[in-house]
Structures are given as structure tokens and as C-alpha cells.
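Both ligands and their constituent atoms are indexed starting at 1 by order of listing. Note that this is a predicted model, so its numbers are computed, not measured.
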Amino acid sequence: MFIEHPCYDAKAHFKIGRIHLPVAPFCNIQCNYCSRKLRVNDNRPGISNEILTPKKALAKTKKALALDPRIKIVAIAGPGDPLANSTTIETFKLIKEDIPHVNFCLSTNGLNLVDQIDDLCKVGVKFITVTLNTIDPKIGAKIYSFVKYKCKIYTGEEAASLLLNRQIEGIKKAVQAGILVKINSVLIPEINMEHLPEVAERLSKIGVHIMNIMPLIPIGKFKDLRPPNTNELKTTREKCEVYIRQWYLCKQCRADAIGVPGEEKASQLQIDACPINSIKAMLACRH
Ligand code: SF4
Ligand code: SF4
């Protein structure tokens, strides 16, 4: 079966385009490998040239589709967590009214997924990626600085356990709703490398479609940790593939990537951004 999404089907990866709409600046957790930035040239998650309002996101989507008809997927992937921002659903609703034929996708840390599945289904989201790096709260305590849930800040194993339970609950509900779920797992050699096959086994039991193991980019609090070498990445993927299909083509894209992966055209599609000071304030205010 051909899946018309560049990151769920290897045959689609070089033919189908996606647009990432950076409408979600806030996050509700702090991963130790995350450093979100605006207007820098890095090509990695958490980076965007701008934060768009839903209206500007619609305008940008129309412009992108006119320039590149291969774009079939409209996605929200940050730069914060899409489900920690009400602008995510607003944007999908607005685009659905105007361009009903596109398919929607989002990536999330999963903390708020279970609460928002019904709204996401209503608006027509077909693909969801959840970043899940461990099923062991002891390991999670090393990866997450904090989790903010219902106005309370959790840390350590309590935070990791809360996040994990809600991720699993959300994934199960998404699968039951007919959404194709991909899991992103960041491979951090000294922290979760030996553990990822256990994660893969668990994921295979709850209906996850595919797993994408991404090498650590050493930034943020993990700036002094090393990324996995090619052999470690390959071996870990092979061990996980025993349990669940693996995705090998991820480019670790920016939150404003546009086009067929690897052929991004973000620079030619920029639309006026919010004033930089208000963006800085938004990025800072949840941490
Ligand atoms: Fe950064 Fe995403 Fe983690 Fe939030 S969930 S801290 S945006 S990597
Ligand atoms: Fe696809 Fe990876 Fe880019 Fe997401 S980050 S759009 S999975 S290539």
C-alpha cells in the first residue's frame, strides 16, 4: 500500500512534499537535547525563521501549494509542542475550510495527545508523530528537565512517569481512531541506546506504524554528550527492526521546512514574521 506522506513511505519520500507551519512556539516540557531558536541557519528541529499566526499559515500554505503541487501534507512540528498551543487546531480548521484536499500531520511530545485526539480527528489529522525516548522513568529522568502539566511542574522520575503514561494513553487512542502513528526516538548513546529495543517491543504491541530513530544532535543541556556513530545507529535500528518497522530516511527537519524532504524552499516562501521581541517573549514564557 502506497502512503501519500514523505515520512511514512520510502517510495513517497522523494516524490511527495510537506509544509511545516511554525505556529506553535510554546512547549510544556523541557527535553535536555532541545534548544529552540529563531532566525538562524541551522537545519534541525526546533528552528524556524518565524512564528506564524493561523491566518499567515494559511496564506503561506496556499503560496507553497501554488509553487509546488507535490506538497500533499500540511504539518505542524513546532518549534515548540503543537499540542501546547491552541493555534495548532485553529490553523488546521482554517486550512481545512479553504483547502479541504490536503492531509494533516503533526508531531508532539505526547503529553496532551489523549486530551486532544477527538479535536484532531474532527479536523482531519491523519498522521501523528510522537517523540518517545524511553519507557523507563529512571532513564526519562536523565532526558527531561521538567514536565508542566495542569499548571504544576514535575521533575525527575515523577515527570518522566507522567509523560510516559500520557504518551502511551495518547498513542493507543490515536491508533484506535485510525491515525497512523510514527514514533521518533532520539538515540543518546550513553543514556538510552541499549534500552531502545525494549521501547520498540512495547511500541509494536500498541499498534505503532513505524519507528524513526534519530541520532542525538548535541545541543542544549546535552551539548557535551556525543552523538551515536554510524555503526551504533545502524545496529540499534537493526535490533529495533526485530519488533517494529524502521524509518531510515529522516532529515531531522526544521519547524518551517517546505517541499519534498531534502529540497527545502523555505527561503523563497517567507512571509512577514511577528516582531522579533514578541517572539522572544513567547519562547521564554513557558520555561
Ligand atoms: Fe523541545 Fe520538542 Fe522537547 Fe519541547 S518537546 S522541549 S519543543 S524537543
Ligand atoms: Fe520527515 Fe524527518 Fe523531516 Fe519529519 S523531520 S518531515 S520525519 S524527514
Side-chain angles (χ1 to χ4, degrees), residues 7 20-40 42-52 75-88 91 105-116 120 128-135 137 139-149 153-156 159-168 170-171 174 181-188 191-192 199 212-223 225 227 250-257 279-287:
C7 301
H20 286 177
L21 297 169
V23 298
F26 304 129
C27 193
N28 43 13
I29 73 174
Q30 181 62 57
C31 306
N32 290 334
Y33 51 74
C34 178
S35 169
R36 287 172 286 148
K37 288 206 167 85
L38 289 162
R39 296 187 180 171
V40 297
D42 294 11
N43 201 10
R44 62 168 174 81
I47 298 291
S48 176
N49 268 336
E50 57 189 343
I51 300 297
L52 297 175
I76 299 181
D81 185 74
L83 299 184
N85 294 265
S86 59
T87 41
T88 293
T91 303
C105 174
L106 72 85
S107 51
T108 174
N109 59 40
L111 183 67
N112 288 344
L113 183 56
V114 69
D115 304 328
Q116 295 189 36
L120 294 170
I128 293 181
T129 297
V130 180
T131 301
L132 189 153
N133 303 309
T134 175
I135 54 167
I139 295 177
K142 297 179 187 166
I143 300 176
Y144 306 106
S145 288
F146 69 81
V147 168
K148 186 177 177 189
Y149 181 62
I153 302 279
Y154 297 82
T155 57
S161 184
L162 171 68
L163 177 62
L164 173 65
N165 290 337
R166 291 190 55 81
Q167 286 172 324
I168 298 289
I171 292 165
V181 177
K182 169 156 65 68
I183 297 299
N184 281 350
S185 298
V186 179
L187 171 48
I188 312 160
I191 295 183
N192 67 352
V199 174
N212 175 26
I213 297 179
M214 307 189 301
L216 172 74
I217 300 172
I219 47 171
K221 286 196 177 169
F222 283 173
K223 67 178 169 27
L225 296 191
C250 182
K251 310 275 190 302
Q252 294 183 277
C253 306
R254 291 166 58 104
D256 59 0
I279 295 167
K280 277 183 184 159
M282 283 194 285
L283 285 175
C285 86
R286 296 286 167 104
H287 293 286

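- The minimum heavy-atom distance linking V199 with I135 is given by the pair CG2-N, 3.9 Å.
- Between the choices G220, C27, S145, C34, the shortest heavy-atom distance to atom 1 (Fe) of ligand 1 belongs to C34.
- Side-chain contact between R36 and C27 is present, with at least one heavy-atom pair separated by less than 4.5 Å.
- Under the 4.5 Å side-chain criterion, counting only non-hydrogen atoms from C-beta, Y149 is in contact with R166.
- Every atom of ligand 1 with a heavy atom of R36 under 4.0 Å away is listed here by number and element: 7 (S).
- Two residues are said to be in side-chain contact when any heavy atoms from C-beta on lie closer than 4.5 Å; T108 and T131 fail this criterion.
- Short contacts between ligand 1 and G80, defined as distances under 4.0 Å to a heavy atom of the residue, involve ligand atoms 7 (S).
- For ligand 1, the atoms closer than 4.0 angstrom to any heavy atom of I29 are 4 (Fe), 5 (S), 6 (S).
- Counting atoms of ligand 1 from 1 in the listed order, those under 4.0 Å from a heavy atom of N109 are 5 (S).
- Side-chain contact check for T134 and N192: no donor-acceptor pair (N or O, by modelled atom type) lies under 3.5 Å.
- Not a single N, O or S atom of C31, from either the backbone or the side chain, sits less than 2.8 Å from atom 4 (Fe) of ligand 1.
- The closest approach between any non-hydrogen atom of P79 and ligand 1 is below 4.0 Å.
- Ligand 1 does not have G46 within reach: every non-hydrogen atom of the residue lies 4.0 Å or more from it.
- Two residues are said to be in side-chain contact when any heavy atoms from C-beta on lie closer than 4.5 Å; L216 and F222 meet this criterion.
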